[in-house]
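Everything on this sheet refers to the single structure shown next.
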Number of protein chains: 2
Amino acid sequence: MNIGQAAEASGVSAKMIRHYESIGLVPRVDRQDSGYRDYGPEDVHRLGFVRRSRDLGFSLERIRVLLGLWGDPSRTSAEVKALALTHINELEEKARHLQEMATVLRGLSLACDGDERPDCPIIASLETAQKVPTGQVGHNSLLKAPMRKRRARTTGA
Amino acid sequence: MNIGQAAEASGVSAKMIRHYESIGLVPRVDRQDSGYRDYGPEDVHRLGFVRRSRDLGFSLERIRVLLGLWGDPSRTSAEVKALALTHINELEEKARHLQEMATVLRGLSLACDGDERPDCPIIASLETAQKVPTGQVGHNSLLKAPMRKRRARTTGA
DNA sequence: TGTGGGGCTTCCCACTATGGGAAGGTCAAC
DNA sequence: GTTGACCTTCCCATAGTGGGAAGCCCCACA
């Protein structure tokens with residue numbers, strides 16, 4: 001089976017299959033006399049595993065671990081579950097972050113007339129780091145690590 | 001004011017300030033005799049605007065537009081609001097996507113014993129594209145554009 | 001048997017946004 | 001003058017995916 005057919009069968013693009021192979025995520029497959037890669041059912045199966053893992057948001061590095069667990073007969077479901085729970089927490093944290101930004105912006109938008117005049121609380125809020133009328137959020141600076149202190153300079157004149 | 005002080009005052013790292021300047025997001029500032037960049041209050045103000053826009057998840061390209069609207073006395077609040085609403089929709093769509101992945105995985109995790117045995121519905125689900133007992137979600141392949149059809153080949157022998 | 005076109009190969013570049021680090025110049029305090 | 005923090009530019013790295021070029025392979029059809 002050529003790479004194009006493996007791509008269609010697995011849902012992973014040929015481009016990505018080559019990439020996954022190049023970074024060692026999936027093993028190098030045999031070559032035909034022509035030099036074309038030759039895929040068997042097992043290879044396609046594995047690519048499908050990768051594809052579904054990606055669909056659930058796993059990073060390639062984590063999929064590397066998942067593939068290891070998949071092929072390890074002495075794995076425990078506890079290991080798999082722990083990995084999944086870690087990932088779930090990360091997903092939900094990111095989702096919360098995005099939703100919080102949306103909520104802040106939603107509050108500002110509600111206060112914006114959206115007419116022909118230039119006055120706009122959205123622009124005003126971006127301009128100055130002040131509280132926004134969201135009820136409970138009240139700050140713009142989310143999740144950014146504080147910057148390290150710099151030595152004060154006597155900026156002359 | 002040197003770049004380090006502008007960075008601390010604005011919350012944008014010196015590295016990023018230089019980068020923003022290099023891509024034309026913020027104008028090139030004057031240089032001191034030493035060749036050091038020299039920042040004034042207006043520059044810091046603008047950098048703060050960029051910082052807060054980033055904190056709300058705006059892309060640099062969209063911040064370019066926002067900066068244009070900010071400095072445009074003939075802007076309308078409708079323009080700003082439209083841009084904000086577009087962004088809100090994108091944020092919430094991404095948040096939903098992440099949350100949906102988390103929910104699917106949560107369902108699989110609930111069905112996983114997490115003990116010393118290898119049997120694991122999480123691995124099983126990644127292995128084969130079958131329905132998962134989540135109640136309403138029931139699919140793994142989310143949001144991926146379908147791949148274009150390829151011509152079937154008579155894979156000889 | 002020749003040819004056309006689609007698939008395959010490798011290799012490089014692009015994207016987003018940010019940071020690390022090197023090599024070297026500048027400034028201010030002591 | 002020395003020292004150390006700060007500045008300069010330039011290159012590289014990240015994560016994941018796609019675009020595209022140059023060139024070879026293969027097969028169907030005329």
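Proteins get letters first, then strands, A, B, ... in listed order; numbering begins at 1 in each. These figures come from a predicted structure and were not determined experimentally. Every heavy atom of this structure was used, including side-chain atoms; hydrogens, water molecules and symmetry mates were not.
One can place CZ of A/Arg37 at 18 Å from P of D/dC24, the figure rounded to the nearest angstrom. The distance from atom CE of B/Met1 to atom P of D/dC7 is 12 Å, rounded to the nearest whole Å. Atom CD1 in B/Ile17 sits roughly 12 Å away from atom P in C/dT18 (whole-Å rounding). Protein atom CZ of A/Arg54 is 10 Å distant from nucleotide atom P of D/dG18, rounded to whole Å. Put simply, CD on A/Gln5 is 13 Å from C1' on C/dG6, counting in whole angstrom units. A straight line from CD1 of A/Ile3 to C1' of C/dG7 spans 11 Å, rounded to a whole angstrom. Atom CZ of A/Arg51 and atom P of D/dG16 are 15 Å apart (whole Å). Atom CG in B/Asp55 sits roughly 10 Å away from atom P in C/dT18 (whole-Å rounding).
Near DNA chain D, meaning a heavy atom under 4.0 Å from it, residues 18-30 of chain A has A/His19, A/Tyr20 in order of number. For the segment residues 58-69 of chain A, no residue has any heavy atom less than 4.0 angstrom from an atom of DNA chain C.
Listed by chain and number, the residues in a side-chain hydrogen bond (donor to acceptor under 3.5 Å, both in side chains) with B/Ser77 are A/Asp115 (sequence neighbours excluded). Residues passing the salt bridge (Lys or Arg N to Asp or Glu O under 4.0 Å) test with A/Asp38, sequence neighbours excluded: none. Residues satisfying the salt bridge (Lys or Arg N to Asp or Glu O under 4.0 Å) test with A/Asp119, not counting sequence neighbours, are none. Every residue two or more places apart in sequence or in another chain was checked for a side-chain hydrogen bond (donor to acceptor under 3.5 Å, both in side chains) with A/Asn89, and none qualifies. Shown here are the salt bridge (Lys or Arg N to Asp or Glu O under 4.0 Å) partners of A/Glu127, two or more places apart in sequence or in another chain: there are none. Judged as a side-chain hydrogen bond (donor to acceptor under 3.5 Å, both in side chains), and not counting sequence neighbours, B/Ser109 has no contacts. Residues passing the side-chain hydrogen bond (donor to acceptor under 3.5 Å, both in side chains) test with B/Arg75, sequence neighbours excluded: none. When the salt bridge (Lys or Arg N to Asp or Glu O under 4.0 Å) test is applied to B/Asp72, no partner is found at least two apart in sequence or on another chain.
Note on residues 80-92 of chain B: pairs passing salt bridge (charged side-chain N to carboxylate O under 4.0 Å, His left out), not counting sequence neighbours, are A/Arg106-B/Glu92, B/Arg62-B/Glu90.
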Filtered N/O pairs between nucleotides 19-26 of chain C and protein, under 3.5 Å:
from	atom 1	to	atom 2	distance (Å)
C/dG19	OP2	B/Ser13	OG	3.2
C/dG20	N7	B/Lys15	NZ	2.9
C/dG20	O6	B/Lys15	NZ	2.9
C/dG21	N7	B/Lys15	NZ	3.3
C/dG21	O6	B/Lys15	NZ	2.3
C/dG25	N2	B/Tyr36	OH	2.8
C/dT26	O4'	B/Tyr36	OH	3.2
C/dT26	O2	B/Tyr36	OH	3.3

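A side-chain donor-acceptor contact under 3.5 Å links B/Arg54 to the backbone of B/Phe58.
Applying side-chain contact (heavy atoms from CB on, under 4.5 Å) to A/Ile17 and the options A/Leu47, A/Val29, A/Val50 leaves one that passes, A/Leu47.
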